[in-house]
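Below is one structure, written out as structure tokens, with a few remarks after it.
Everything numeric here is computed off the predicted structure, so don't read it as measured data.
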Amino acid sequence: MEGKRAKTRFRSLHFLLLVIACYVIAWLYDSRLALDILGFSGGLLYKLIPALFLVFAIIFLSNLLIRPDWVGRHVGKDSGVKGWLVAIIGGILSVGPVYPWYALLKDLRAKGMRTALIAVFLYNRGIKLPLLPLMIHYFGLAYTIILALYLTIFSLLAGVIMERFGDDENTC
């Protein structure tokens, strides 16, 4: 595990050096362009700071509240049908942007959540409870129910494919 972390740090350092080199090249080519690029990057970072705080808060809370034994019972290797149901319902009930969920799912994965259930969770985020009444209004009840059923069925199919062909040991 320590070798994997060192390799990740090494790659991160290379990426940082590559980005710095790109800024230096841009500065040498056209200093005004480099300032524009730097301003854009700074603005993007400023917009992402609240989301990053949210991600860190979610990870902190998950480390405090969610124990590996809970993960093992509810969404771990031996969770059975209950794990699939938890992933489906959790995906449907999840709200907000997806990037904070990635951090939480990575943390849950590290605690023993099955990769298949992560796929099911993410797939079922496509069913948005607050938007269902609007969808029913525009497309009708039958269409909405059929679409929700298809999304759920195909989420299970995606989960089975991940379970069958995914490398559960080396993910995340």
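Counting only distance, with no hydrogens or angles, the side chain of Thr152 and the backbone of Ala148 share a donor-acceptor pair below 3.5 Å.
Here the closest heavy-atom approach between residue Gly159 and residue Ala116 is recorded as O-CB, 3.1 Å. For Val120 against Ala87, the heavy-atom pair with the smallest separation is CG1-CB, 3.8 Å. Taking all atoms of both residues into account, the shortest heavy-atom contact from Val160 to Trp84 is N-CH2, 3.9 Å.
Clustering ILVMFWY residues whenever any of their side-chain heavy atoms sit less than 4.5 angstrom apart, transitively, puts Phe154 in the very cluster that holds Phe165. No path of Ile, Leu, Val, Met, Phe, Trp and Tyr side chains, each step under 4.5 Å between heavy atoms, connects Val98 with Leu131, placing them in separate hydrophobic clusters. Residues Phe53 and Leu44 do not share a hydrophobic cluster, defined by chaining ILVMFWY side chains whose heavy atoms lie under 4.5 Å apart.
For Ala26, the side chain to side chain contact (heavy atoms under 4.5 Å, CB included) criterion is met by Ala34, Ile37, not counting sequence neighbours. Partners of Ser94 by side-chain hydrogen bond (donor to acceptor under 3.5 Å, both in side chains), not counting sequence neighbours, listed by chain and number: Arg125. In this view, Tyr143 and Phe139 satisfy the ring-ring contact (aromatic ring centres under 6.0 Å, His included) rule, not counting sequence neighbours.
Here the CZ atom belonging to Phe40 is positioned 11.5 Å from the CG atom belonging to Leu45, to the nearest 0.5 angstrom. If you take CD1 on Ile146 and CD1 on Ile153, they are separated by 10.5 Å, rounding to the nearest 0.5 Å. For the atom pair CG of Leu117 and NZ of Lys82, the computed distance is 12.0 Å after rounding to the nearest 0.5 Å. Taking OH of Tyr102 as the reference point, atom CG of Leu122 lies at 6.0 Å (rounded to 0.5 Å). Note that OG1 of Thr144 and CD1 of Ile127 are 11.0 Å apart. Values are rounded to the nearest 0.5 Å. Atom-to-atom distance recorded for Met113:CE and Leu104:CG is 8.5 Å, nearest 0.5 angstrom.
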- Does the pair Phe121 and Val86 meet the rule for a side-chain contact (heavy atoms from CB on, under 4.5 Å), with working shown? CA-CA 8 Å; Phe121 177 91; Val86 167; over 6 Å; no

- Does the side-chain contact (heavy atoms from CB on, under 4.5 Å) test come out yes or no for Leu108 and Val75, once each step is laid out? CA-CA 9 Å; Leu108 289 173; Val75 290; 5.7 Å; no

- Walk me through it: do Leu105 and Arg109 pass the test side-chain contact (heavy atoms from CB on, under 4.5 Å)? CA-CA 6 Å; Leu105 292 170; Arg109 176 68 188 96; over 6 Å; no

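Applying the side-chain hydrogen bond (donor to acceptor under 3.5 Å, both in side chains) test to every pair with at least one member in residues 41-58, sequence neighbours left out, gives these pairs: Tyr23-Ser41.
Each of Leu132, Leu129, Leu151 was evaluated against Ile92; a single residue qualifies, Leu129, per the side-chain contact (heavy atoms from CB on, under 4.5 Å) test.
Side-chain atoms of Tyr123 and Ile88, non-hydrogen and from C-beta on, never get closer than 4.5 Å to each other. Counting heavy atoms from C-beta outward, Ile118 and Arg114 have side chains that stay 4.5 Å or more apart. Looking only at side-chain heavy atoms (C-beta outward), Asp36 and Arg32 come within less than 4.5 Å of each other.
Hydrophobic cluster of Leu141: the remaining members, joined at side-chain heavy-atom separations below 4.5 Å, are Ile136, Ile145, Leu149, listed by chain and number. As a member of the Ile/Leu/Val/Met/Phe/Trp/Tyr network built from side-chain separations under 4.5 Å, Val81 groups with Leu85.
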